[in-house]
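For clarity, every value in this text was computed on a predicted model and none was experimentally measured. Any value given below was found using the heavy atoms of this structure, including those in side chains, with hydrogens, waters and symmetry copies removed. Throughout, protein chains are lettered first and strands after them, A, B, ... in sequence-line order, and every chain is numbered starting at 1.
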Amino acid sequence: MRLSRFFLPILRETPKEAEIVSHRLMLRAGMIRQESAGIYAWLPLGLKVLNKINAIIREEQNRAGAIELLMPVIQSADLWRESGRYDDYGKEMLRIKDRHERDMLFGPTNEEMITEIFRSYVRSYKDLPLNLYHIQWKFRDEVRPRFGVMRSREFLMKDAYSFDLDAEGARHSYYKMFTAYLRTFARMGLKAIPMRADTGPIGGNLSHEFIILASTGESEVFCHKDFLALDAPAENIDFESRAAMQGVFDTWTSKYAATSEMHDAAAYEAMPEADRVSARGIEVGHIFNFGTKYSEPMKAVVNGPDGKDVTVQMGSYGIGPSRLVAALIEANHDENGIIWPDAVAPFNFAIANLKVGDAATDAACEKLYGEFTKAGFDVLYDDRDDRPGAKFATMDLIGVPVQIIVGPKALADGKVEVKHRRTGERELLSLEEVVNKFAAKKG
RNA sequence: CGGGGCAUAGCGCAGUCUGGUAGCGCAUCUGCUUUGGGAGCAGAGGGUCGCAAGUUCGAAUCUUGCUGCCCCGACCA
């Protein structure tokens, strides 16, 4: 992408409403625009990151055996009357009437709809287990939206729903998602710790929140320090193996970890002081096993091996990709701007032409831009006729991990400078070395 | 939902107390110079002062009502 042709409305000054760093940086980097309280337009740069996050989530959901579909944002109130939640959900649910005065709503979640889809088609225990997910916009009419996309009213959610014949199967499904979540967050460079959680209005008896530690997090969390050193399960782990899944779950739940609302001060303080970690955290995922809470009233049943009807066991599993964008920034920034982890960076490389119009720098930049593009990378070429300082500031603000600086001085010796955003490390390389070292990798 | 605050150019703000026909910085456009950490000079464009009533010869400024947004608290992917 040539920056001169891109739509990147960066701001030099911080809009006054932005309180936390991720919100400030998202506005300044031209990632989002507020259209209403808690409702945001995603500008090109923000959307690129959101899509990268979604891609990782999809890969890991698919790996764990979940199957993607897409449900609508507008739902009929009748479905919610069946589960009893139409009255329970309260003002958080945005209620709408269509032209025929029918009660509709903007979905805050999809348990009812997925259960309706399931019961319409699935008749046999042989079709279980089944896990269906989608990535779709949700609306919850929060009393007080704030912190940009961290707590917005409209937000993107990946929600998966599992269906099993019995409680044991449902636990296995739960563990599979538990494992997939650990991998998903780890791939984004986040250390997410599962914490025993309250089930809230979703219901059920088994639930974990996935919390990432960040000094600006919304809630206080407590855990054993060993969780910080644990590695996520490997890519080749067998999701179908009940023993393997149980093993992951046991490893990640064997020690103390709780949010402030589930905090057990006595258990926490029973640990040696050196093992205790008390920090701020951001909830980026939440999983539930709720048995027959929806399948019972909505009559989602299958024929069991003995020919008798069995009410299926369900669970739901949510990740907020739009919130994750903000959470990633909270965990990865400095005074100059965002520092994207490679896996979610909107651009892998940026090429800064320090002297646009100079035949040598123009030619070097075009060559590099061509090679990186050909290699399949997202590369941003700053070809604007602007001062070097402005280009450095822009690249740092939007957080491109590897910045290739092409200026007349170094180029006179056939070199360009490669700067790594995270470490600040710089190296002088020839064009050929840059291409071989970076552009050749992806294939 | 309780408490507090704000609304003037794309962004950040001054002007409001004490009414007299709107200004500053950045950004934008044009020209020249400049080119390794957000350039300089010269010129230009851009605002029914959130909306609606009222008071007044005259309202960004005073009064009333409404709307939007932000912050603190209680609640939440």
Novice: Output yes when a side-chain donor or acceptor of A:H134 lies under 3.5 Å from a complementary backbone atom of A:M71, and no otherwise.
Specialist: yes
Novice: Check for me whether the distance between the ring centres of A:Y256 and A:H263 falls short of 6.0 Å.
Specialist: yes
Novice: Please name all residues satisfying side chain to side chain contact (heavy atoms under 4.5 Å, CB included) with A:K91, sequence neighbours left out, ordered by chain then number.
Specialist: none
Novice: Looking only at atom C1', what distance separates B:rG20 and B:rU67, rounded to whole Å?
Specialist: 30 Å
Novice: Determine which nucleotide pairs with B:rC29, using a 3.5 Å limit on both distances of a Watson-Crick or G-U wobble pair.
Specialist: B:rG43
Novice: Specify the residues of residues 172-193 of chain A, ordered by number, for which at least one heavy atom lies under 4.0 angstrom from an atom of RNA chain B.
Specialist: none
Novice: Taking the P atom of each, how far is B:rA42 from B:rG25, in whole Å?
Specialist: 12 Å
Novice: If you measure from the C1' atom in B:rA27 to the same atom in B:rG12, how many Å do you get, rounded?
Specialist: 11 Å
Novice: Does B:rC62 have a Watson-Crick or wobble partner in any strand here, with both distances under 3.5 angstrom, and which is it?
Specialist: B:rG54
Novice: Closer to the 5' end of RNA chain B via nearest nucleotide, is it A:R146 or A:P15?
Specialist: A:P15
Novice: Could you state the atom-to-atom distance from CD1 of A:I39 to P of B:rC69 in whole Å?
Specialist: 8 Å
Novice: By the 4.0 Å heavy-atom rule, please label A:T361 as base, sugar-phosphate, or nothing.
Specialist: nothing
Novice: Counting the benzene-type ring for Trp, do A:H286 and A:F288 have ring centres under 6.0 Å apart?
Specialist: yes
Novice: Looking just at side-chain N and O atoms, do A:N62 and A:Y133 make a donor-acceptor pair shorter than 3.5 Å?
Specialist: yes
Novice: Using purine N1 to pyrimidine N3 plus N6-O4 or O6-N4 for Watson-Crick, or N1-O2 and O6-N3 for G-U wobble, each under 3.5 Å, what pairs with B:rU48?
Specialist: none
Novice: Does anything in residues 339-362 of chain A pair up under ring pair (Phe, Tyr, Trp, His ring centres under 6.0 Å), and if so which pairs, sequence neighbours excluded?
Specialist: A:F6-A:F347, A:F349-A:F372, A:F349-A:F377, A:F349-A:F438
Novice: State the pairing partner of B:rC1; accept Watson-Crick or G-U wobble contacts with both distances under 3.5 Å, and report none otherwise.
Specialist: B:rG73
Novice: Round to a whole Å and report the spacing from NE2 of A:H286 to P of B:rC75.
Specialist: 16 Å
Novice: Which residues in residues 337-347 of chain A have at least one heavy atom lying under 4.0 Å from any atom of RNA chain B?
Specialist: none
Novice: Which of residues 46-71 of chain A sit near RNA chain B, with a heavy atom under 4.0 Å from it?
Specialist: none
Novice: Considering only atom P, compute the distance from B:rU63 to B:rC75 and round it to an integer number of Å.
Specialist: 38 Å
Novice: Please tell me if A:Q34 has a side-chain N or O lying less than 4.0 Å from either OP1 or OP2 of B:rC70.
Specialist: yes
Novice: Are any of A:S36's side-chain N or O atoms less than 4.0 Å away from OP1 or OP2 of B:rC69?
Specialist: yes
Novice: How far does the C1' atom of B:rA14 sit from the matching atom of B:rU61, given to the nearest Å?
Specialist: 14 Å
Novice: Check whether the side chains of A:N436 and A:E432 place a donor and an acceptor atom closer than 3.5 Å, and report yes or no.
Specialist: no
Novice: Could you walk me through whether A:L25 and A:M31 pass side-chain contact (heavy atoms from CB on, under 4.5 Å), step by step?
Specialist: CA-CA 8 Å; A:L25 288 174; A:M31 296 177 68; over 6 Å; no
Novice: My understanding is that a pair needs two contacts under 3.5 Å, Watson-Crick or G-U wobble. By that rule, which nucleotide pairs with B:rU21?
Specialist: none
Novice: Can a salt bridge be assigned to the pair A:E60 and A:K158 using a cut-off of 4.0 Å between side-chain N and carboxylate O?
Specialist: no
Novice: Write down the partner of B:rA7 under the Watson-Crick or G-U wobble criteria, each distance required to be under 3.5 Å.
Specialist: B:rU67
Novice: Closer than 4.0 angstrom, basic N to acidic O: yes or no for A:E19 and A:R146?
Specialist: no
Novice: Are the side chain of A:R426 and the backbone N or O of A:V418 linked by a donor-acceptor pair below 3.5 Å?
Specialist: no
Novice: Roughly, in whole Å, what's the span from CD in A:E92 to C1' in B:rC1?
Specialist: 13 Å
Novice: Which value, in whole Å, describes the distance between the P atoms of nucleotides B:rU18 and B:rC62?
Specialist: 9 Å
Novice: So, for A:F178 and A:W252, is the gap between ring centers shorter than 6.0 Å?
Specialist: no
Novice: What is the distance from CD of A:E142 to C1' of B:rC1, rounded to the nearest Å?
Specialist: 13 Å
Novice: In the 5'-to-3' direction, what one-character label does each nucleotide of nucleotides 33-38 of chain B receive under the scheme B = base within less than 4.0 Å of a protein heavy atom, S = sugar-phosphate only, - = no such atom?
Specialist: -BBBBB
Novice: Quick one: do the A:Y369 and A:R2 side chains pair a donor with an acceptor below 3.5 Å?
Specialist: no
Novice: Less than 4.0 Å between a side-chain N and a carboxylate O, is that true for A:D334 and A:R421?
Specialist: yes
Novice: Using the P atoms only, state how far B:rC26 lies from B:rU33, rounded to an integer number of Å.
Specialist: 22 Å
Novice: Checking A:Q61 against A:N131: is there a side-chain donor and acceptor pair closer than 3.5 Å?
Specialist: no
Novice: Answer with base, sugar-phosphate or nothing: what part of the nucleic acid does A:K16 contact at a heavy-atom distance below 4.0 Å?
Specialist: sugar-phosphate
Novice: If you find the nucleotide of RNA chain B closest to A:E19 and the one closest to A:F155, which residue's nucleotide is nearer the 5' end?
Specialist: A:E19
Novice: Could you tell me how far B:rA59 sits from B:rG73 if I compare only their P atoms? Round to whole Å.
Specialist: 43 Å
Novice: Between A:K176 and A:F239, which heavy-atom pair has the shortest distance, and what is it?
Specialist: CD-O, 3.2 Å
Novice: Could you state the atom-to-atom distance from CD of A:E13 to P of B:rC26 in whole Å?
Specialist: 10 Å
Novice: Contact class for A:K91 (heavy atom, under 4.0 Å): base, sugar-phosphate, or nothing?
Specialist: sugar-phosphate
Novice: Where the side chain of A:A37 is defined as all heavy atoms beyond and including C-beta, which of B:rC70, B:rC11, B:rA74 is the nearest nucleotide?
Specialist: B:rC70
Novice: Under 4.0 angstrom, heavy atoms only, what part of the nucleic acid is A:E17 near: base, sugar-phosphate, or nothing?
Specialist: sugar-phosphate
Novice: Let's test this: given Watson-Crick or G-U wobble pairing with both distances under 3.5 Å, identify the partner of B:rG36.
Specialist: none
